[in-house]
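Structure first, commentary second.
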Amino acid sequence: MAFELPNLNYSYDALEPHIDARTMEIHHTKHHAGYTSKLNAAIAGTDLEGKSIEDILSGGELSAGVRNNGGGFYNHRLFWDIMSPNGGANPTGEVAEMIDAAFGSFEEFKTKFSNAAATQFGSGWAWLCYIDGKLDVCSTPNQDNPLMQGGCGGTPILGIDVWEHAYYLNYQNRRPDYINAFFNVVDWNKVTEHLNNAK
Ligand code: MN3
């Protein structure tokens with residue numbers, strides 16, 4: 001069973017003005033679709049075929065094709081899922097408590113996460129991860145993620161794409177403005193679902 005490009009739970013213009021419709025459409029139908037088809041091509045006929053994407057990515061040494069395209073498939077699936085036009089509120093419940101425990105406050109978490117995203121040199125991602133019963137922030141280059149060997153460890157429950165294709169049409173070189181805007185569309189209920197799945 002080949003991996004399939006997931007549908008979004010909202011329209012391409014639903015996250016405006018924070019993320020523009022044209023960026024969303026190109027990002028989903030070109031970039032994510034490309035990672036998905038290239039992942040399928042990279043695993044076809046290998047013993048990775050039929051495994052879950054989590055098992056593939058955490059399974060040790062990966063070829064460049066599987067690492068880059070499997071990471072791209074997984075990372076974007078999480079990214080679309082944790083954003084919503086109804087997002088932007090502060091986290092509540094267990095996620096909020098775990099953020100306070102790990103970072104001191106939600107504001108301090110935002111600062112640390114934003115710094116990780118802003119200072120990731122070149123293309124990559126910043127993450128909020130569940131690891132050893134706690135939360136932590138890290139960043140990874142390219143389409144790497146915390147599940148992979150040599151990644152920063154744990155299971156990502158929130159991620160931001162800081163490749164230029166994620167923001168350049170609307171924000172040009174102003175990555176920090178895009179990172180600020182991202183918090184207006186984060187759906188913390190979905191982050192809570194990912195936390196519960198990670199446990
Ligand atoms: Mn991307």
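Note that ligands are numbered from 1 as they come in the structure, with each ligand's atoms numbered from 1 the same way. Being a predicted model, the structure only gives us computed values, none of them experimental. One-based numbering along the sequence shown.
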Item to check | Side chains of Trp80 and His32, donor plus acceptor under 3.5 Å | outcome: yes
Next on the checklist: How wide is the angle at the Mn ion (ligand 1) spanned by His76 NE2 and Asp161 OD2, rounded to 10 degrees?
Outcome noted: 100°
Next on the checklist: Suppose we only count N/O/S atoms under 2.8 Å; would His31 qualify as near the Mn ion (ligand 1)?
Outcome noted: no
Checklist entry - Hey, is the Mn ion (ligand 1) within less than 2.8 Å of some N/O/S atom on His165? => result yes
Item to check | Test of ring centre spacing under 6.0 Å for Phe103 and Phe113 | outcome: no
Item to check | Where Gly71 and Leu57 come nearest, the two heavy atoms and their spacing | outcome: N-CD2, 3.8 Å
Checklist entry - Should the ring pair Phe182 and Tyr178 be called parallel, tilted or perpendicular, given that the plane angle runs from 0 to 90° and is split at 30 and 60? => result tilted
